[in-house]
Amino acid sequence: GAGVSQSPRYKVAKRGQDVALRCDPISGHVSLFWYQQALGQGPEFLTYFQNEAQLDKSGLPSDRFFAERPEGSVSTLKIQRTQQEDSAVYLCASSLSPGTKGVQPQHFGDGTRLSIL
Amino acid sequence: TQLLEQSPQFLSIQEGENLTVYCNSSSVFSSLQWYRQEPGEGPVLLVTVVTGGEVKKLKRLTFQFGDARKDSSLHITAAQPGDTGLYLCAGASGNQFYFGTGTSLTVIP
């Protein structure tokens, strides 16, 4: 399809395991955002890429969280040594324009629901 | 940290009623966006407002951006069950988008 695709849709892992979440943005979109969303709450910003450059990672909760977008398209969010508090929905969004200036909308994927046992 | 506070957090109304959702902040934003999110899906953009005092209408939905660009409101006229969902405001600052705390709306047939 032409939208943002995230995989897997659901991920269950044991505490202490590493997980990797994938985001395929809309082709040609410059900006890519990762968010963490708790049930019934608004998404919280994790990190932002402009093409392959990670320009802002101030929202990553700890050094166990790592994101990359090596070729400026597909992005991966990795969480090492997972903890129960990492359980959440992780959303990816892409936007045509760089940064947050202007009025280009963010297009969201349907998220990955991560459950840490 | 969520800079944008929404109220109410939960709203349950009968079909045909009107409602208003508020989005408030102490920070100034260059633009504010409103999204609607349904269970198991990502948020979908409804509107972007960029000018202080701006009013935009989208069928039964009316969006307003405060004069000081710190707050916004969403008014729904004659709500329908299809309006049920989580409504989110979002503002841009630097390289980040800050989302509001969310308003969960249920419209009962």
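In this text the structure is predicted, and so the values were computed from the model without any measurement. Letters A, B, ... are given to chains in the order of the sequence lines, protein chains preceding strands, and every chain is numbered from 1.
- For a residue to count as touching a neighbouring chain, one of its non-hydrogen atoms must lie under 4.5 Å from one of that chain's; by this rule Leu55(A) touches chain B with backbone and side chain alike.
- Counted by atom type alone, Tyr35(B) and Gln37(B) present zero donor-acceptor pairs between their side chains at under 3.5 Å.
- Exactly one of Phe49(A), Tyr48(A), Phe108(A) qualifies for a ring-ring contact (aromatic ring centres under 6.0 Å, His included) with Phe33(A). That residue is Tyr48(A).
- No part of Gln6(B) comes within reach of chain A, as not one of its non-hydrogen atoms sits under 4.5 angstrom from that chain.
- Between Tyr90(A) and Leu46(A) the shortest side-chain heavy-atom distance falls below 4.5 Å.
- Only the side chain of Arg9(A) comes within contact range of chain B, with at least one heavy atom under 4.5 Å from a heavy atom of that chain.
- At distances below 3.5 Å, at least one donor-acceptor pair connects side-chain atoms of Thr112(A) with backbone N or O atoms of Pro8(A).
- Of the two parts of Gln37(A), only the side chain, counted from C-beta on, holds a non-hydrogen atom closer than 4.5 Å to a non-hydrogen atom of chain B.
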